[in-house]
Amino acid sequence: PDFIVYVLVTSAMFWKFDLHTTSHLEALLDKEDVTLSELMDEEDVLQECKAQNRRLLLFLCQDQCMQELVCMITTEPPAGVEETKRFKYPNIACELLTCDVGMINDKLGNEEPLLETLYAFLEQPSPLNPLLASFFSKTIGNLITRKTEQVISFLRGKEGFLSLVLKHIDTSAMMDVLLRLISCVEPPLLRLETLTWLNEEKLAQRLIELIHPERDEERQSNASQTLCDIIRLSRDQANQLQEISQPDPLLTVLESQESVEQLLQNMFSGERSESCIVNGIQVLLTLLEIRRPVVDGVMDAQGFERSYTINSSILLAIEPHLIHFHQLLLEPPKRNPMLTTLGVLEEPLGNTRLHVARLVASLLYTSSASHAVIAQELCRLNTMDLLLDLFFKYTWNNFLHLQVELCVAAILRPFTSENSAYNLMVTHLFQHCHLVQRILEAWEENDKIQSEGGMRRGYMGHLTRIANTVVHNLEKGPVHTQISSLIKELPEDYRGRWETFVDQTLSETNRKNTIDLVNTLAHLMYLDDMESPFPKELTIQQAFSDYQIQQMTANFNFKFKHALWYFFNLTKIANTAVFEACSKERIQPFDDDEEDIWEEKAINYATQTKSRNR
């Protein structure tokens, strides 16, 4: 009751003393000769528009005003004005046109002269002003979402629409226009019609043509990113088209052997270009994605990340070009020496070789009937042996180390032991790549360097995980019998060294890693009872990241996301036995002769601190 009285009294005072001032915008609308610019100078014009101020909307929706607004976002402002002020009106105009108000959407989407003015922006010569291009993209994208049928019909009537968009693909805003057409058209039947139209216009093939050594890097990069986004969007939205029993025509073309072969031919035509090769591999990696991480709640019906079946035609197209990728590992595009914190690197690994390593790892993880062909060719080329050479050569490149580790894990953790391709790769890894011998020699070399005061090798963390992968799959797994036989076939010297290494060195390393990790988590459990401005999950991730950085300070390329990946796998090592060992080491049992802990005595903080740090 007291609150109600307070509100009533306050309201009465508000009106009695005229504390409410009439909006200046309303006063402007009362003027007969008010201009659009005057209204746009008002700070609350956008807020009033979103609040659907009817007088304002009626003014803005006049033919002349709408034409002015569209011209502002599609015409270069006059020069000679400060940049901050030069694009003030175009920015406000874009916000007004895209504030998602029905009257404005209807006016802009239903009036063909306005759509023609908007479309004329695409007919300008290259390069487009990137800021104006973003205004155009945002406006046309909003119309595609809100006035779908009208805008799609208008664009389909424009014969050169797709050619103009691809002409300006070096401006990233044009990618958004294409993706809106693919992802924001509803209902499913209209979406299928739109995808069919884009497919008839050969969108996929024309984007692939742009990934070519003769094209500029920006155009190649945007074309590659667009193709990757199309593939992911199409796979994520496949369920919509399943309702009408129709495949996605764009995805069907992109996954075809013909399209993949064309992409590969472009990548390897003429002089080797790092930009072309890397952008092409990005598309191949997307095609080979067998599962997607959970992002924005995108999960399958069981609540897991979405998984996809890889079309065997993709692998069949890649297989003849594996020799070209192998050659890139041997002779990548030339790079200048690189200055690092550890000195000058005369021959940097380079983005090309790193992406080739990512491609090999992805191919090894792909389960398909055509996998045998890929495995046989990789063995024939001895690609894994070459990757292991690079692993140890580039001591501090953890990006490469991770990819090689993934390759080894993919070979040793097959989906089935009945696949002869996997059996071939396992044998190749032990007999021809000498995996066990390499692990032992690298470990012993690192111990020697550290004993002489040198730095711990940057690959040691990943080498530990590779060794653990071998041990784990030796004990159980689809190919444990084969791995056991291959270990027994090792020369007697190496076989004995391996057994000692596993029982002593590796076991002790795992124990130390687990103790450090358990202590970190125990500390976080203690912190959980204390107030923190950060989420607990973030605190755990940050703490573990700090732990990893401390352990691998020599490695300046260490990636945070790999630290998290490291975390979720390393915790598997912390089994009950190790945890108990850790607990016994940290928590000593009480002796009967110990002093009474409840006895009152003077507190010595220095002694307590020393005791805790002991």
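Just so it is clear, the values below take in all heavy atoms, side chains as well, and ignore hydrogens, waters and symmetry mates.
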Trainee: Before you tell me yes or no, could you show the steps for Phe501 and Tyr494 under ring-ring contact (aromatic ring centres under 6.0 Å, His included), namely the whole-Å CA-CA distance, both residues' side-chain angles and the distance that decides it to 0.1 Å?
Mentor: CA-CA 10 Å; Phe501 168 77; Tyr494 279 107; over 10 Å; no
Trainee: When the ring planes of Phe391 and Tyr459 are compared, do they come out parallel, tilted or perpendicular, using 30° and 60° as the limits?
Mentor: tilted
Trainee: Closer than 3.5 angstrom, by distance alone: can the side chain of Thr171 be matched with the main-chain N or O of Ala173 as a donor-acceptor pair?
Mentor: no
Trainee: Testing the 3.5 Å rule here: is there a donor-acceptor pair between the side chains of Glu255 and Ser313?
Mentor: no
Trainee: Would Gln431 and Glu489 count as having a side-chain donor-acceptor pair, cut-off 3.5 Å?
Mentor: yes
Trainee: Side chains of Ser275 and Asn279: donor-acceptor distance under 3.5 Å anywhere?
Mentor: yes
Trainee: Counting only heavy atoms not in Glu217 (residues, nucleotides, ligands), do more than 12 fall under 6.0 Å from its CD?
Mentor: no
Trainee: Listed by chain and number, what are the ring pair (Phe, Tyr, Trp, His ring centres under 6.0 Å) partners of His432, not counting sequence neighbours?
Mentor: His428
Trainee: Gln257 and Glu261: side-chain donor and acceptor closer than 3.5 Å?
Mentor: yes
Trainee: Keeping Ser451 on the side-chain end and Lys448 on the backbone end, is there a donor-acceptor pair under 3.5 Å?
Mentor: yes
Trainee: Determine yes or no for a side-chain-to-main-chain donor-acceptor pair under 3.5 angstrom, with Ser362 supplying the side chain and Arg358 the backbone.
Mentor: no
Trainee: Within a reach of under 6.0 Å around CD of Glu271, are more than 12 heavy atoms found that belong to other residues, nucleotides or ligands?
Mentor: no
Trainee: Inspect the surroundings of CD1 in Ile323 and state if more than 12 heavy atoms from other residues, nucleotides or ligands are less than 6.0 Å away.
Mentor: no
Trainee: Closer than 3.5 angstrom, by distance alone: can the side chain of Ser137 be matched with the main-chain N or O of Ser134 as a donor-acceptor pair?
Mentor: no
Trainee: Mind listing the closest non-hydrogen atom pair of Arg495 and Leu490 along with its distance?
Mentor: NH1-O, 3.0 Å
Trainee: Okay, side chain of Glu405, backbone of Leu463: is any donor-acceptor separation there less than 3.5 Å?
Mentor: no
Trainee: Charged N to carboxylate O below 4.0 Å: is that the case for Arg353 and Glu347?
Mentor: yes
Trainee: Taking 4.0 angstrom as the limit, do Arg215 and Asp170 come out as a salt bridge?
Mentor: no
